[in-house]
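Okay, handing you the structure first.
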2 protein chains.
Amino acid sequence: MAERGAAQSSASSGESLLFLTDEQLRRGIEAMFFAYRGFTADPDRILENHAYGRAHHRAIHFINRSPGTTVNNLLAILGVTKQSLNRVLRTLVEDGLVESRVGTRDKRERHLYLTDQGISLERELSEAQRTRMRAAYRAAGPDAVAGFRTVLEQMMDPELRHHYFSNTEGGA
Amino acid sequence: MAERGAAQSSASSGESLLFLTDEQLRRGIEAMFFAYRGFTADPDRILENHAYGRAHHRAIHFINRSPGTTVNNLLAILGVTKQSLNRVLRTLVEDGLVESRVGTRDKRERHLYLTDQGISLERELSEAQRTRMRAAYRAAGPDAVAGFRTVLEQMMDPELRHHYFSNTEGGA
DNA sequence: CTTGGAAAGTCAACAAGGCTGACATAAAGT
DNA sequence: ACTTTATGTCAGCCTTGTTGACTTTCCAAG
(Lines give C-alpha, C1' and ligand atoms only; values in the text may rest on other atoms or scores of the structure.)
Protein backbone atom coordinates (compact mmCIF):
# COMPACT_ATOMS: atom_id res chain seq x y z
CA MET A 1 0.00 0.00 0.00
CA ALA A 2 2.77 2.42 0.87
CA GLU A 3 4.61 1.30 -2.25
CA ARG A 4 1.51 1.63 -4.36
CA GLY A 5 1.06 5.20 -3.20
CA ALA A 6 4.66 5.96 -4.02
CA ALA A 7 4.35 4.44 -7.48
CA GLN A 8 1.20 6.30 -8.37
CA SER A 9 2.27 9.74 -7.25
CA SER A 10 4.20 10.49 -10.39
CA ALA A 11 7.64 12.07 -10.05
CA SER A 12 9.82 11.07 -7.13
CA SER A 13 13.37 11.18 -8.47
CA GLY A 14 12.67 12.81 -11.83
CA GLU A 15 11.28 9.74 -13.62
CA SER A 16 7.55 9.33 -13.99
CA LEU A 17 7.30 5.82 -12.46
CA LEU A 18 3.90 5.48 -14.11
CA PHE A 19 5.08 2.09 -15.35
CA LEU A 20 5.00 0.86 -11.76
CA THR A 21 1.27 1.29 -11.13
CA ASP A 22 -0.69 -1.75 -9.97
CA GLU A 23 -2.54 -1.69 -13.28
CA GLN A 24 0.69 -1.83 -15.27
CA LEU A 25 1.91 -4.67 -13.08
CA ARG A 26 -1.34 -6.57 -13.59
CA ARG A 27 -0.93 -6.16 -17.34
CA GLY A 28 2.55 -7.60 -17.08
CA ILE A 29 1.31 -10.53 -15.05
CA GLU A 30 -1.34 -11.39 -17.63
CA ALA A 31 1.13 -10.89 -20.45
CA MET A 32 3.35 -13.52 -18.83
CA PHE A 33 0.42 -15.89 -18.49
CA PHE A 34 -0.79 -15.63 -22.08
CA ALA A 35 2.68 -15.49 -23.60
CA TYR A 36 3.81 -18.60 -21.76
CA ARG A 37 0.84 -20.43 -23.21
CA GLY A 38 1.98 -19.45 -26.68
CA PHE A 39 5.56 -20.26 -25.81
CA THR A 40 4.74 -23.89 -24.98
CA ALA A 41 1.94 -24.46 -27.48
CA ASP A 42 4.02 -25.55 -30.48
CA PRO A 43 6.30 -28.01 -28.66
CA ASP A 44 3.29 -29.43 -26.83
CA ARG A 45 1.64 -30.27 -30.13
CA ILE A 46 4.76 -32.04 -31.37
CA LEU A 47 5.26 -33.94 -28.11
CA GLU A 48 1.75 -35.38 -28.34
CA ASN A 49 2.69 -37.28 -31.49
CA HIS A 50 5.66 -38.81 -29.67
CA ALA A 51 3.80 -39.71 -26.46
CA TYR A 52 6.01 -37.39 -24.46
CA GLY A 53 5.21 -34.41 -22.25
CA ARG A 54 6.69 -31.10 -21.29
CA ALA A 55 8.89 -32.80 -18.71
CA HIS A 56 10.63 -34.75 -21.47
CA HIS A 57 11.09 -31.57 -23.47
CA ARG A 58 12.78 -29.85 -20.56
CA ALA A 59 15.18 -32.74 -20.02
CA ILE A 60 16.00 -32.93 -23.73
CA HIS A 61 16.56 -29.20 -23.93
CA PHE A 62 19.05 -29.02 -21.09
CA ILE A 63 20.91 -32.18 -22.07
CA ASN A 64 21.29 -30.68 -25.53
CA ARG A 65 22.48 -27.39 -24.09
CA SER A 66 25.08 -29.08 -21.87
CA PRO A 67 26.02 -32.47 -23.29
CA GLY A 68 27.53 -34.70 -20.61
CA THR A 69 25.70 -32.97 -17.81
CA THR A 70 25.07 -35.11 -14.72
CA VAL A 71 21.76 -36.11 -13.20
CA ASN A 72 22.40 -33.94 -10.16
CA ASN A 73 23.08 -30.96 -12.36
CA LEU A 74 19.83 -31.46 -14.19
CA LEU A 75 17.99 -31.78 -10.88
CA ALA A 76 19.28 -28.40 -9.77
CA ILE A 77 18.27 -26.75 -13.02
CA LEU A 78 14.82 -28.27 -13.30
CA GLY A 79 13.94 -28.07 -9.62
CA VAL A 80 12.13 -31.39 -9.40
CA THR A 81 12.76 -34.51 -7.33
CA LYS A 82 15.10 -37.19 -8.57
CA GLN A 83 12.18 -39.63 -8.69
CA SER A 84 10.31 -37.33 -11.03
CA LEU A 85 13.31 -36.72 -13.25
CA ASN A 86 14.30 -40.38 -13.18
CA ARG A 87 10.94 -41.46 -14.54
CA VAL A 88 11.43 -39.14 -17.50
CA LEU A 89 15.07 -40.05 -18.09
CA ARG A 90 14.32 -43.76 -17.90
CA THR A 91 11.82 -43.58 -20.74
CA LEU A 92 14.15 -41.41 -22.81
CA VAL A 93 17.02 -43.89 -22.33
CA GLU A 94 14.75 -46.87 -23.02
CA ASP A 95 13.51 -45.22 -26.20
CA GLY A 96 17.06 -44.53 -27.32
CA LEU A 97 16.91 -40.73 -27.25
CA VAL A 98 19.34 -40.27 -24.38
CA GLU A 99 22.54 -42.10 -23.53
CA SER A 100 23.66 -42.38 -19.90
CA ARG A 101 27.41 -42.94 -19.55
CA VAL A 102 29.13 -43.79 -16.26
CA GLY A 103 31.57 -41.07 -15.27
CA THR A 104 35.28 -41.63 -15.82
CA ARG A 105 36.64 -39.47 -13.01
CA ASP A 106 33.76 -40.17 -10.63
CA LYS A 107 32.07 -43.45 -11.46
CA ARG A 108 29.03 -42.61 -9.35
CA GLU A 109 27.99 -39.93 -11.77
CA ARG A 110 26.02 -40.55 -14.96
CA HIS A 111 26.74 -38.23 -17.85
CA LEU A 112 23.84 -37.63 -20.18
CA TYR A 113 24.04 -37.25 -23.95
CA LEU A 114 21.46 -37.07 -26.71
CA THR A 115 21.67 -39.83 -29.30
CA ASP A 116 21.15 -39.03 -32.98
CA GLN A 117 17.49 -39.80 -32.46
CA GLY A 118 17.42 -37.49 -29.44
CA ILE A 119 19.11 -34.72 -31.38
CA SER A 120 16.51 -35.15 -34.10
CA LEU A 121 13.59 -34.64 -31.71
CA GLU A 122 15.36 -31.78 -29.98
CA ARG A 123 15.75 -30.05 -33.29
CA GLU A 124 12.12 -30.54 -34.18
CA LEU A 125 11.01 -29.12 -30.83
CA SER A 126 13.39 -26.21 -30.67
CA GLU A 127 12.85 -25.18 -34.26
CA ALA A 128 9.14 -24.90 -33.63
CA GLN A 129 9.83 -22.81 -30.55
CA ARG A 130 12.45 -20.70 -32.29
CA THR A 131 10.13 -20.02 -35.20
CA ARG A 132 7.59 -18.40 -32.91
CA MET A 133 10.31 -16.61 -30.97
CA ARG A 134 11.91 -15.36 -34.17
CA ALA A 135 8.60 -13.95 -35.40
CA ALA A 136 8.02 -12.22 -32.08
CA TYR A 137 11.57 -10.81 -32.00
CA ARG A 138 11.36 -9.62 -35.58
CA ALA A 139 8.02 -7.90 -35.01
CA ALA A 140 9.18 -6.30 -31.77
CA GLY A 141 12.66 -5.17 -32.84
CA PRO A 142 16.06 -5.31 -31.16
CA ASP A 143 15.41 -2.69 -28.48
CA ALA A 144 12.25 -4.43 -27.34
CA VAL A 145 14.13 -7.75 -27.26
CA ALA A 146 16.81 -6.26 -25.05
CA GLY A 147 14.16 -4.97 -22.65
CA PHE A 148 12.34 -8.30 -22.73
CA ARG A 149 15.48 -10.14 -21.68
CA THR A 150 16.35 -7.59 -18.99
CA VAL A 151 12.97 -7.83 -17.29
CA LEU A 152 12.93 -11.64 -17.46
CA GLU A 153 16.38 -11.80 -15.89
CA GLN A 154 15.20 -9.60 -13.05
CA MET A 155 12.18 -11.81 -12.54
CA MET A 156 14.20 -14.96 -11.94
CA ASP A 157 14.91 -16.26 -8.47
CA PRO A 158 18.42 -15.08 -7.56
CA GLU A 159 19.36 -18.65 -6.62
CA LEU A 160 18.25 -19.91 -10.03
CA ARG A 161 19.68 -17.07 -12.08
CA HIS A 162 23.16 -18.59 -12.32
CA HIS A 163 21.75 -21.57 -14.21
CA TYR A 164 20.68 -19.08 -16.84
CA PHE A 165 23.95 -17.15 -16.95
CA SER A 166 26.19 -20.20 -16.63
CA ASN A 167 25.79 -20.88 -20.32
CA THR A 168 26.65 -17.40 -21.56
CA GLU A 169 30.14 -18.39 -22.63
CA GLY A 170 31.56 -21.92 -22.42
CA GLY A 171 31.75 -24.81 -24.90
CA ALA A 172 30.58 -25.45 -28.48
CA MET B 1 18.21 -23.48 -41.93
CA ALA B 2 17.58 -20.96 -44.69
CA GLU B 3 16.23 -18.58 -42.07
CA ARG B 4 19.12 -19.22 -39.76
CA GLY B 5 21.56 -18.36 -42.49
CA ALA B 6 19.67 -15.18 -43.25
CA ALA B 7 19.67 -14.18 -39.60
CA GLN B 8 23.36 -14.80 -39.14
CA SER B 9 24.62 -12.96 -42.20
CA SER B 10 24.40 -9.58 -40.59
CA ALA B 11 22.94 -6.70 -42.61
CA SER B 12 20.02 -7.46 -44.93
CA SER B 13 17.84 -4.34 -44.85
CA GLY B 14 20.17 -2.02 -42.97
CA GLU B 15 19.59 -3.42 -39.49
CA SER B 16 22.06 -5.85 -37.98
CA LEU B 17 19.59 -8.65 -37.22
CA LEU B 18 22.17 -10.13 -34.87
CA PHE B 19 19.39 -10.39 -32.30
CA LEU B 20 17.76 -13.07 -34.46
CA THR B 21 20.53 -15.65 -34.30
CA ASP B 22 19.65 -19.13 -33.05
CA GLU B 23 21.81 -18.48 -30.01
CA GLN B 24 19.90 -15.31 -29.14
CA LEU B 25 16.63 -17.18 -29.60
CA ARG B 26 17.83 -19.98 -27.35
CA ARG B 27 18.71 -17.45 -24.68
CA GLY B 28 15.22 -16.01 -24.94
CA ILE B 29 13.69 -19.47 -24.60
CA GLU B 30 15.65 -20.19 -21.45
CA ALA B 31 14.89 -16.74 -20.08
CA MET B 32 11.20 -17.52 -20.43
CA PHE B 33 11.66 -20.85 -18.67
CA PHE B 34 13.55 -19.51 -15.67
CA ALA B 35 11.54 -16.32 -15.39
CA TYR B 36 8.24 -18.17 -15.40
CA ARG B 37 9.52 -20.24 -12.50
CA GLY B 38 10.17 -17.07 -10.55
CA PHE B 39 6.88 -15.60 -11.66
CA THR B 40 4.87 -18.45 -10.11
CA ALA B 41 7.10 -19.18 -7.10
CA ASP B 42 5.61 -16.69 -4.62
CA PRO B 43 1.93 -17.47 -5.25
CA ASP B 44 2.71 -21.19 -5.19
CA ARG B 45 4.14 -20.85 -1.70
CA ILE B 46 1.05 -19.01 -0.48
CA LEU B 47 -1.33 -21.48 -2.12
CA GLU B 48 0.28 -24.37 -0.25
CA ASN B 49 -0.92 -22.93 3.05
CA HIS B 50 -4.45 -22.80 1.73
CA ALA B 51 -4.48 -26.29 0.16
CA TYR B 52 -5.01 -24.79 -3.28
CA GLY B 53 -3.02 -25.05 -6.49
CA ARG B 54 -2.13 -22.94 -9.48
CA ALA B 55 -5.45 -23.78 -11.11
CA HIS B 56 -7.30 -22.10 -8.25
CA HIS B 57 -5.07 -19.06 -8.55
CA ARG B 58 -5.84 -18.69 -12.25
CA ALA B 59 -9.59 -18.89 -11.65
CA ILE B 60 -9.41 -16.38 -8.81
CA HIS B 61 -7.31 -14.00 -10.86
CA PHE B 62 -9.65 -13.86 -13.84
CA ILE B 63 -12.83 -13.71 -11.75
CA ASN B 64 -11.30 -10.77 -9.93
CA ARG B 65 -10.35 -9.11 -13.20
CA SER B 66 -13.83 -9.49 -14.67
CA PRO B 67 -16.42 -9.83 -11.91
CA GLY B 68 -19.60 -11.48 -13.16
CA THR B 69 -17.81 -13.37 -15.93
CA THR B 70 -19.46 -16.62 -17.02
CA VAL B 71 -18.06 -20.12 -16.83
CA ASN B 72 -17.86 -20.32 -20.61
CA ASN B 73 -15.90 -17.10 -20.70
CA LEU B 74 -13.46 -18.45 -18.17
CA LEU B 75 -13.12 -21.69 -20.14
CA ALA B 76 -12.10 -19.74 -23.22
CA ILE B 77 -9.51 -17.75 -21.30
CA LEU B 78 -8.01 -20.64 -19.37
CA GLY B 79 -8.12 -23.17 -22.18
CA VAL B 80 -9.07 -26.19 -20.07
CA THR B 81 -12.07 -28.50 -20.12
CA LYS B 82 -15.21 -27.59 -18.22
CA GLN B 83 -14.74 -30.69 -16.05
CA SER B 84 -11.32 -29.48 -15.01
CA LEU B 85 -12.50 -25.94 -14.33
CA ASN B 86 -15.62 -27.16 -12.61
CA ARG B 87 -13.66 -29.15 -10.08
CA VAL B 88 -11.72 -26.04 -9.14
CA LEU B 89 -14.76 -23.75 -9.08
CA ARG B 90 -16.72 -26.22 -6.96
CA THR B 91 -14.13 -26.20 -4.20
CA LEU B 92 -13.88 -22.41 -4.34
CA VAL B 93 -17.67 -22.05 -4.05
CA GLU B 94 -17.84 -24.66 -1.28
CA ASP B 95 -15.10 -22.85 0.62
CA GLY B 96 -16.92 -19.56 0.25
CA LEU B 97 -14.34 -17.77 -1.89
CA VAL B 98 -16.46 -17.55 -5.03
CA GLU B 99 -20.14 -16.88 -5.48
CA SER B 100 -21.97 -18.34 -8.48
CA ARG B 101 -25.10 -16.38 -9.38
CA VAL B 102 -27.63 -17.61 -11.91
CA GLY B 103 -27.86 -15.19 -14.82
CA THR B 104 -30.80 -12.80 -14.96
CA ARG B 105 -31.08 -12.46 -18.73
CA ASP B 106 -29.97 -16.04 -19.46
CA LYS B 107 -30.62 -18.25 -16.50
CA ARG B 108 -28.41 -21.03 -17.86
CA GLU B 109 -25.34 -18.94 -17.33
CA ARG B 110 -23.58 -18.67 -14.01
CA HIS B 111 -21.96 -15.37 -13.20
CA LEU B 112 -18.94 -15.62 -10.96
CA TYR B 113 -17.94 -13.20 -8.22
CA LEU B 114 -15.34 -13.23 -5.50
CA THR B 115 -16.67 -13.06 -1.95
CA ASP B 116 -14.90 -10.93 0.65
CA GLN B 117 -12.92 -14.01 1.57
CA GLY B 118 -12.05 -14.56 -2.10
CA ILE B 119 -10.99 -10.96 -2.50
CA SER B 120 -8.78 -11.35 0.52
CA LEU B 121 -6.92 -14.35 -0.93
CA GLU B 122 -6.72 -12.70 -4.35
CA ARG B 123 -5.07 -9.71 -2.77
CA GLU B 124 -2.58 -11.85 -0.90
CA LEU B 125 -1.64 -13.72 -4.07
CA SER B 126 -1.48 -10.78 -6.41
CA GLU B 127 0.45 -8.60 -3.99
CA ALA B 128 3.12 -11.26 -3.75
CA GLN B 129 3.27 -11.46 -7.51
CA ARG B 130 3.22 -7.69 -7.97
CA THR B 131 6.02 -7.25 -5.46
CA ARG B 132 8.34 -9.38 -7.56
CA MET B 133 7.12 -7.76 -10.76
CA ARG B 134 7.58 -4.29 -9.31
CA ALA B 135 11.14 -5.06 -8.29
CA ALA B 136 11.91 -6.42 -11.76
CA TYR B 137 10.29 -3.42 -13.47
CA ARG B 138 12.07 -0.96 -11.24
CA ALA B 139 15.44 -2.59 -11.83
CA ALA B 140 14.91 -2.82 -15.58
CA GLY B 141 13.43 0.63 -16.18
CA PRO B 142 10.50 1.86 -18.29
CA ASP B 143 12.05 1.28 -21.72
CA ALA B 144 12.86 -2.33 -20.88
CA VAL B 145 9.35 -2.82 -19.56
CA ALA B 146 7.86 -1.53 -22.80
CA GLY B 147 10.02 -3.96 -24.76
CA PHE B 148 9.15 -6.78 -22.42
CA ARG B 149 5.45 -6.26 -22.99
CA THR B 150 5.84 -5.87 -26.75
CA VAL B 151 7.69 -9.16 -27.15
CA LEU B 152 5.26 -11.04 -24.89
CA GLU B 153 2.29 -9.72 -26.88
CA GLN B 154 3.90 -10.96 -30.08
CA MET B 155 4.50 -14.35 -28.51
CA MET B 156 0.82 -14.96 -27.72
CA ASP B 157 -1.38 -17.08 -29.94
CA PRO B 158 -3.31 -14.68 -32.17
CA GLU B 159 -6.57 -16.42 -31.16
CA LEU B 160 -5.77 -15.89 -27.47
CA ARG B 161 -4.43 -12.36 -27.78
CA HIS B 162 -7.85 -10.72 -27.57
CA HIS B 163 -8.34 -12.10 -24.07
CA TYR B 164 -5.32 -10.07 -23.10
CA PHE B 165 -6.36 -6.89 -24.89
CA SER B 166 -10.05 -7.16 -24.00
CA ASN B 167 -9.32 -5.72 -20.57
CA THR B 168 -7.35 -2.69 -21.76
CA GLU B 169 -10.22 -0.29 -21.22
CA GLY B 170 -13.63 -1.23 -19.78
CA GLY B 171 -15.03 -1.25 -16.23
CA ALA B 172 -13.70 -0.24 -12.80
C1' DC C 1 -46.21 -25.35 -28.02
C1' DT C 2 -42.77 -28.34 -29.18
C1' DT C 3 -38.29 -29.28 -30.09
C1' DG C 4 -33.33 -28.45 -31.06
C1' DG C 5 -29.35 -27.04 -29.17
C1' DA C 6 -26.56 -24.27 -25.94
C1' DA C 7 -24.99 -23.77 -21.09
C1' DA C 8 -23.99 -25.90 -17.14
C1' DG C 9 -23.22 -29.58 -14.01
C1' DT C 10 -22.00 -34.37 -12.71
C1' DC C 11 -20.02 -39.14 -12.62
C1' DA C 12 -16.43 -42.27 -13.84
C1' DA C 13 -12.08 -43.48 -15.39
C1' DC C 14 -7.64 -42.41 -16.72
C1' DA C 15 -2.76 -40.18 -17.47
C1' DA C 16 1.07 -37.01 -16.73
C1' DG C 17 3.91 -35.31 -13.66
C1' DG C 18 4.61 -33.45 -9.40
C1' DC C 19 5.44 -35.12 -4.31
C1' DT C 20 7.18 -38.05 0.08
C1' DG C 21 9.32 -41.94 2.28
C1' DA C 22 12.04 -45.92 2.34
C1' DC C 23 15.60 -48.59 0.71
C1' DA C 24 19.71 -50.40 -2.31
C1' DT C 25 24.14 -49.94 -4.45
C1' DA C 26 28.44 -48.24 -5.77
C1' DA C 27 32.02 -45.16 -5.25
C1' DA C 28 34.34 -41.49 -3.15
C1' DG C 29 36.10 -39.12 0.88
C1' DT C 30 37.72 -39.00 5.68
C1' DA D 1 36.14 -48.80 8.61
C1' DC D 2 32.70 -45.46 8.39
C1' DT D 3 30.22 -41.73 6.27
C1' DT D 4 28.66 -39.20 2.57
C1' DT D 5 27.34 -38.62 -2.19
C1' DA D 6 25.20 -39.92 -6.59
C1' DT D 7 22.05 -42.57 -8.52
C1' DG D 8 18.23 -45.68 -9.07
C1' DT D 9 13.93 -47.85 -7.66
C1' DC D 10 9.46 -49.26 -5.38
C1' DA D 11 5.16 -47.79 -3.51
C1' DG D 12 1.74 -44.57 -2.77
C1' DC D 13 -0.28 -40.07 -2.86
C1' DC D 14 -2.03 -35.40 -4.93
C1' DT D 15 -3.22 -31.98 -8.48
C1' DT D 16 -4.69 -31.01 -12.71
C1' DG D 17 -5.33 -32.13 -17.02
C1' DT D 18 -7.99 -35.45 -20.36
C1' DT D 19 -12.35 -38.22 -22.64
C1' DG D 20 -16.94 -39.99 -22.72
C1' DA D 21 -21.60 -40.32 -21.27
C1' DC D 22 -25.48 -38.39 -19.30
C1' DT D 23 -28.84 -34.96 -17.11
C1' DT D 24 -31.09 -30.61 -16.24
C1' DT D 25 -32.26 -26.14 -17.46
C1' DC D 26 -33.71 -22.98 -20.55
C1' DC D 27 -33.54 -19.87 -24.80
C1' DA D 28 -35.19 -19.52 -29.30
C1' DA D 29 -36.77 -21.03 -33.74
C1' DG D 30 -40.13 -23.54 -36.12
Side-chain angles (χ1 to χ4, degrees), chain A residues 33 36-37 40-41 43-63 68-95 98-113, chain B residues 33 36-37 40-41 43-63 68-95 98-113:
Chain A
F33 172 74
Y36 199 78
R37 290 262 299 273
T40 55
D44 282 354
R45 267 187 291 272
I46 293 168
L47 289 159
E48 264 179 32
N49 308 329
H50 296 262
Y52 289 137
R54 226 175 264 182
H56 301 85
H57 184 190
R58 290 195 280 263
I60 288 172
H61 174 94
F62 285 105
I63 294 171
T69 188
T70 62
V71 173
N72 245 8
N73 223 311
L74 218 45
L75 283 176
I77 290 174
L78 298 177
V80 297
T81 58
K82 63 172 179 172
Q83 292 93 328
S84 224
L85 176 58
N86 197 255
R87 179 169 36 197
V88 166
L89 284 180
R90 199 189 317 157
T91 71
L92 290 174
V93 170
E94 280 171 5
D95 296 353
V98 167
E99 196 191 343
S100 169
R101 295 185 209 152
V102 173
T104 48
R105 253 189 36 196
D106 187 333
K107 291 178 191 162
R108 290 170 304 179
E109 296 179 340
R110 303 302 142 96
H111 298 271
L112 304 168
Y113 300 87
Chain B
F33 172 74
Y36 200 78
R37 289 263 300 273
T40 54
D44 282 355
R45 267 188 290 273
I46 293 167
L47 288 158
E48 265 179 30
N49 307 329
H50 296 263
Y52 290 135
R54 227 175 263 182
H56 300 85
H57 184 190
R58 290 196 281 263
I60 288 171
H61 173 95
F62 285 105
I63 294 171
T69 188
T70 63
V71 172
N72 241 12
N73 222 312
L74 219 46
L75 284 176
I77 290 173
L78 298 176
V80 297
T81 58
K82 63 174 178 171
Q83 292 92 329
S84 218
L85 176 58
N86 198 255
R87 180 168 36 198
V88 167
L89 285 180
R90 199 189 319 155
T91 69
L92 291 175
V93 169
E94 279 170 6
D95 296 354
V98 167
E99 196 191 343
S100 170
R101 294 186 209 153
V102 174
T104 47
R105 254 190 36 198
D106 185 335
K107 292 177 191 164
R108 289 168 303 181
E109 295 179 339
R110 303 301 141 99
H111 297 270
L112 304 167
Y113 300 88

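Values below: every heavy atom of this structure, side chains too, minus hydrogens, waters and symmetry copies. Bear in mind the structure is a predicted one, so any value in this text is a computation, not a measurement. Residue numbers begin at 1 in each chain, while the letters A, B, ... track the order of the sequences.
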Worksheet item: Starting at the 5' end of DNA chain D, which residue's closest nucleotide do you reach first, H111(A) or Q83(A)?
Response: H111(A)
Item to complete: Output the distance between atom NE2 (H111(B)) and atom OG1 (T104(B)), rounded to the nearest 0.5 Å.
Response: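 Those atoms lie 6.0 Å apart.
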Fill in: ring pair (Phe, Tyr, Trp, His ring centres under 6.0 Å) partners of F62(B), counting only residues at least two apart
F33(A), F34(A)
Worksheet item: So, for A59(A) and L92(A), which heavy atoms are closest and what is the spacing to 0.1 Å?
Response: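 Taking every non-hydrogen atom into account, CB-CD1, 4.1 Å.
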Discussion item. Is it the case that the side chain of R37(A) and the backbone of L78(B) share a donor-acceptor pair, with hydrogens and angles ignored and the cut-off at 3.5 Å?
Written reply: yes
Worksheet item: When you list every nucleotide of DNA chain D with an atom under 4.0 Å from a heavy atom of chain B, which one comes first 5' to 3', and which comes last?
Response: dT16(D) to dC27(D)
Worksheet item: By a strict heavy-atom criterion of less than 4.0 Å, which residues belonging to residues 73-81 of chain A are in contact with DNA chain D?
Response: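 Contacting residues: none.
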Discussion item. Rounded to the nearest 0.5 Å, what separates atom CZ in R108(A) from atom OG1 in T70(A)?
Written reply: 11.0 Å
Fill in: Distance-minimising heavy-atom pair for S100(B) and R110(B)
OG-CB, 3.5 Å
Discussion item. Below 4.0 Å from chain B heavy atoms, what is the first contacting nucleotide of DNA chain C and what is the last?
Written reply: dG5(C) to dC11(C)
Worksheet item: Looking only at heavy atoms, which two atoms of L75(B) and V80(B) are closest? And how far apart?
Response: CD2-O, 3.5 Å
Worksheet item: More 5' along DNA chain C: R90(B) or K107(A), using each one's nearest nucleotide?
Response: R90(B)
Discussion item. As an exercise, state the distance from CD1 of I60(A) to NE2 of H57(A), rounded to the nearest 0.5 Å.
Written reply: 7.5 Å
Worksheet item: Would you say R101(B)'s side chain and G68(B)'s backbone share a donor-acceptor pair under 3.5 angstrom?
Response: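 Between the backbone of G68(B) and the side chain of R101(B) there is no qualifying donor-acceptor contact (under 3.5 Å).
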Worksheet item: In residues 48-58 of chain B, which residues come under 4.0 Å of DNA chain D by heavy atom?
Response: G53(B), R54(B), A55(B), H56(B), R58(B)
Worksheet entry | Distance (rounded to the nearest 0.5 Å) between R54(B) CZ and D44(B) CG | 4.0 Å
Worksheet item: Closest approach of V71(A) and L85(A), non-hydrogen atoms and distance?
Response: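 V71(A) and L85(A) have their closest heavy atoms at O-CD2, 4.0 Å.
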Discussion item. Going by the rule ring pair (Phe, Tyr, Trp, His ring centres under 6.0 Å), which residues pair with H56(A) if we only count those two or more places apart in sequence or in a different chain?
Written reply: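 Result, ring pair (Phe, Tyr, Trp, His ring centres under 6.0 Å) vs H56(A): Y52(A).
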Item to complete: Name the nucleic acid region contacted by R87(A), choosing base, sugar-phosphate or nothing; use a 4.0 angstrom heavy-atom cut-off, strictly under.
Response: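 Base contact.
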Item to complete: Locate the shortest heavy-atom distance separating I63(A) from L112(A); write the atom from each residue and the value.
Response: CG2-O, 3.7 Å
Practice prompt. Between S84(A) and T70(B), name the one whose nearest nucleotide on DNA chain C is closer to the 5' end.
Written response: T70(B)
